[in-house]
Amino acid sequence: MNAVKDRRYAVCNRLLFIILLALCCLLPVFLPAPAEARVYIDITSPGFRQIPIAIYKLSGAPAGGEISGIIKNDLQFSGVFSYVDRDAYIETPLPVFNPQNWSPLGVEIVVKGSVTVDGDELSATIYLYDVVEGKKLFQKEYRAVRKNLRPLAHTISNDVYKAVTGEDGVFRSRIAFIGEKGGKENIYIADWDGKRLKNTGVGGDLILAPHWSRNGKRLIYSAARGRQWLIFLLDFKEKKERLLVRSEGTNIAGDFLPDGSGFLFSSSKAGTPDIYLFDLRTLKQKRLTRWRGIEVSPSVSHDGKEVAFVSDHGGSPQVYIMNINGSDIRRVTFSGNYNTSPVWSPRGDRIAYSGRIYGKNQIFIVNPDGADPLQLTERGNNEEPSFAPNGRYITFTSDRDGRKGVYIMRADGEAQKRITAKDMRAFGPRWSPEKIF
Amino acid sequence: MLLLVGLTFSCAQREITTPEPGKVIPSEKVKAEQPREEAPNIVGEEEVPKIETTEIEKAPSAIKVSEKEQKDVLKDIHFDFDRYDVKDADKPVLRAIADWMLDNPADRLVIEGNCDERGTSEYNLGLGDRRATSTKDYLITLGVSADRLQTVSYGEEKPLCTESNEACWAKNRRAHFVVLKQEAGK
């Protein structure tokens with residue numbers, strides 16, 4: 001019965017497709033919008049308001065509840081959705097849908113589904129409904145081994161996010177940071193929500209924020225080992241680190257170039273800290289700045305054409321931008337006398353940095369031309385910002401609760417929260433690309 | 001065109017379960033939708049691997065100068081906030097250290113540049129580097145050979161004093177001296 005019905009659908013759809021295709025060629029002017037095209041909600045428009053979403057507790061305890069809890073947390077943090085409490089739902093949790101059950105509640109998106117556990121195997125079926133358009137957006141099945149419950153839940157969040165906004169979600173991205181326990185500093189990697197914390201075993205007497213390659217397969221970082229600041233390249237496939245820079249003086253790794261062919265770093269090998277470009281194909285180093293002061297923290301723009309960095313050339317540390325070949329240096333920050341740690345947003349339209357105000361360091365964002373600086377944090381010292389791959393969230397270091405920890409927030413400063421445990425001193429977070437290893 | 005519209009409608013209609021508007025559907029009366037035959041998403045996951053680290057040859061360990069020498073001669077010198085010029089008040093200290101170096105020609109000196117906690121970590125490493133270097137440069141002008149002097153910056157990472165007040169910050173903005181044996185050097 002179902003098979004027959006399915007075939008009818010298929011025939012129906014294929015016929016429709018052929019006719020549409022023919023029409024496309026013949027009458028492009030009269031072609032109406034395809035019936036199934038979703039009008040994505042424009043989350044970038046100034047008038048955007050959060051989309052009320054209902055998320056049922058997935059059947060199949062306890063995994064179902066755990067998975068829907070993760071989805072809820074992901075989508076709430078995203079800032080795109082506002083969660084409508086379950087007490088208000090009047091519809092059955094079964095995969096049926098009537099928009100009339102939802103419009104009185106103001107709910108616009110509904111997530112339902114079930115989870116089954118078979119031995120070590122998890123499988124989830126998810127239904128996503130759109131109240132405004134009165135239709136099902138998708139029905140999908142997911143499978144994973146039990147220990148991948150969290151990645152499975154984050155994958156569902158990504159699909160829901162994409163179906164509604166048309167944009168890729170970043171709920172499977174990670175955050176690499178430095179954690180210190182018992183005097184030893186190591187690179188840790190956790191999910192973006194701080195869960196599934198892993199120590200890579202890479203460390204040093206001191207170690208600084210690692211930088212991800214855009215394909216997520218490599219990290220570049222500096223560590224002090226035996227009174228030397230060294231720069232290492234870590235390849236997750238080879239599972240080992242390679243020593244690249246061991247010049248005398250202070251060597252601090254900066255960003256990878258977008259194509260991974262090289263990276264920026266700061267070194268005092270020629271006397272004072274200056275910015276250099278390391279070419280990974282030729283292993284040659286090119287000096288980009290020649291000022292007599294301190295030049296550190298190079299961050300490359302998304303298109304690879306410009307570099308933001310810090311210099312005390314003007315008497316106090318400020319953020320500057322130059323072209324990737326070192327030409328055309330211009331100053332970005334003008335207010336305050338201590339602005340450091342610049343990072344470009346992935347869209348290239350904003351730069352986040354740490355600026356000192358009322359005696360504390362706070363996270364700001366500013367246009368690359370210096371216009372519209374906006375302060376995002378207020379409590380304690382907040383430093384070392386790093387953008388999520390979609391530019392919508394920022395991770396940073398804060399001491400607002402005493403010991404330094406890693407925090408996340410939306411790029412407008414909303415929803416600030418700590419993601420590392422209080423018993424670990426944690427700092428230097430860097431948000432990974434969406435796909436890693 | 002009409003045919004197309006009709007077709008679109010009939011296709012679309014079948015895809016939605018359309019209950020009577022305005023009514024809560026009692027669950028027992030609704031037949032649950034059957035999952036469509038679609039390949040499931042298999043969620044795999046690469047683990048964070050354990051990384052093999054590079055062995056760096058052991059740096060020469062600090063030799064213990066007598067406590068008296070460390071306290072009386074190899075004294076820390078201090079800097080103003082966000083500055084790296086050697087203060088006049090500290091010049092006699094560096095004079096004494098230079099003399100000590102000339103009296104102990106087998107020894108190498110490491111100058112460690114440090115900062116207070118108020119800055120940010122990377123810029124402070126740059127600042128600590130400049131403090132160590134300006135100290136080294138001053139010792140060279142006093143006749144100490146450059147190849148017996150090594151610098152390292154620890155930025156704000158190795159504070160001597162951990163309270164958040166000016167007295168404590170002033171102690172942390174320092175160049176610290178550690179003596180190494182000559183043969184263990186290069």
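Just so we're on the same page: letters track the sequence lines, and every chain starts at 1. As the structure is a prediction and not an experimental result, all values here were calculated from the model.
- With a 4.5 Å cut-off on non-hydrogen atoms, A:Ala176 does not touch chain B at all.
- If you measure heavy-atom distances from A:Lys147 to chain B, the contacts under 4.5 Å come from the side chain alone.
- A 6.0 Å sphere centred on CG of A:Asn337 holds no more than 12 heavy atoms belonging to other residues, nucleotides or ligands.
- Between A:Trp229 and B:Ser153, the shortest heavy-atom distance links the atoms NE1-O, 2.7 Å.
- Heavy-atom pairs under 4.5 Å with chain B were tallied for A:Glu384, A:Glu383, A:Lys240; the largest tally goes to A:Lys240.
- Heavy atoms closer than 4.5 Å to chain A are found in the side chain of B:Glu112, but not in its backbone.
- What you find for A:Arg227 and B:Val152 is that their closest heavy atoms are O-CG2, 3.7 Å.
- Interface remark: A:Ser354 contributes side-chain atoms only to the contact with chain B (heavy atom separation under 4.5 Å).
- Counting heavy-atom neighbours within 6.0 Å of A:Lys269 NZ, excluding the residue itself, gives a total above 12.
- Ranked by heavy-atom pairs under 4.5 Å with chain B, the list A:Thr397, A:Ile189, A:Thr272, A:Leu208 is led by A:Thr272.
- Of the atoms belonging to A:Arg242, it is backbone heavy atoms, and not side-chain ones, that fall under 4.5 Å from chain B.
- Near-neighbour residues of residues 118-131 of chain B relative to chain A, defined by a heavy atom under 4.5 Å from a heavy atom of that chain, comprise B:Arg118, B:Gly119, B:Thr120, B:Ser121, B:Glu122, B:Tyr123, B:Asn124, B:Leu125, B:Gly126, B:Leu127, B:Asp129, B:Arg130.
- For chain A, the option among B:Asp137, B:Thr54, B:Val178, B:Val110 with the highest count of heavy-atom pairs below 4.5 Å is B:Thr54.
- For a residue to count as touching a neighbouring chain, one of its non-hydrogen atoms must lie under 4.5 Å from one of that chain's; by this rule A:Glu241 touches chain B with backbone and side chain alike.
- Proximity to chain B is absent for every atom of A:Ile187, based on heavy atoms less than 4.5 angstrom apart.
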Which is it for A:Phe232 and B:Ile51 under the side chain to side chain contact (heavy atoms under 4.5 Å, CB included) test, yes or no, and what are the steps along the way? CA-CA 12 Å; A:Phe232 296 93; B:Ile51 306 298; over 6 Å; no

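- B:Lys158 NZ: more than 12 foreign heavy atoms inside a 6.0 Å radius.
- For a residue to count as touching a neighbouring chain, one of its non-hydrogen atoms must lie under 4.5 Å from one of that chain's; by this rule A:Tyr142 touches chain B with backbone and side chain alike.
- There is no contact between A:Arg150 and chain B, counting heavy-atom distances below 4.5 Å.
- The two residues A:Ala144 and B:Val43 come nearest to each other via the heavy atoms CB-O, 3.5 Å.
- Within a 6.0 Å sphere centred on CD of B:Glu67, heavy atoms belonging to other residues, nucleotides or ligands number 12 at most.
- Here the CD-CG distance, from B:Glu47 to A:Asn148, works out to 7.5 Å after rounding to the nearest 0.5 Å.
- Atoms CD1 and CD, from A:Ile207 and B:Glu157 in turn, are 11.5 Å apart once rounded to the nearest 0.5 Å.
- Neither the backbone nor the side chain of A:Lys435 comes within contact range of chain B; no heavy atom of the residue lies under 4.5 Å from a heavy atom of that chain.
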Mind running side chain to side chain contact (heavy atoms under 4.5 Å, CB included) on A:Phe437 and B:Val48 for me, showing each step along the way? CA-CA 8 Å; A:Phe437 302 157; B:Val48 175; 3.8 Å; yes

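- Your options are A:Ser316, A:Ala209, A:Pro317, and the one with the most heavy-atom pairs under 4.5 Å with chain B is A:Pro317.
- No part of A:Glu238 comes within reach of chain B, as not one of its non-hydrogen atoms sits under 4.5 angstrom from that chain.
- Contact record, B:Thr53 with A:Gly201: CG2-O, 3.8 Å, taken as the closest heavy-atom pair.
- In this structure A:Phe396 satisfies the ring pair (Phe, Tyr, Trp, His ring centres under 6.0 Å) test together with A:Tyr407, sequence neighbours excluded.
- Only the side chain of A:Val310 has a heavy atom closer than 4.5 Å to any heavy atom of chain B.
- Interface remark: A:Thr250 contributes backbone and side-chain atoms alike to the contact with chain B (heavy atom separation under 4.5 Å).
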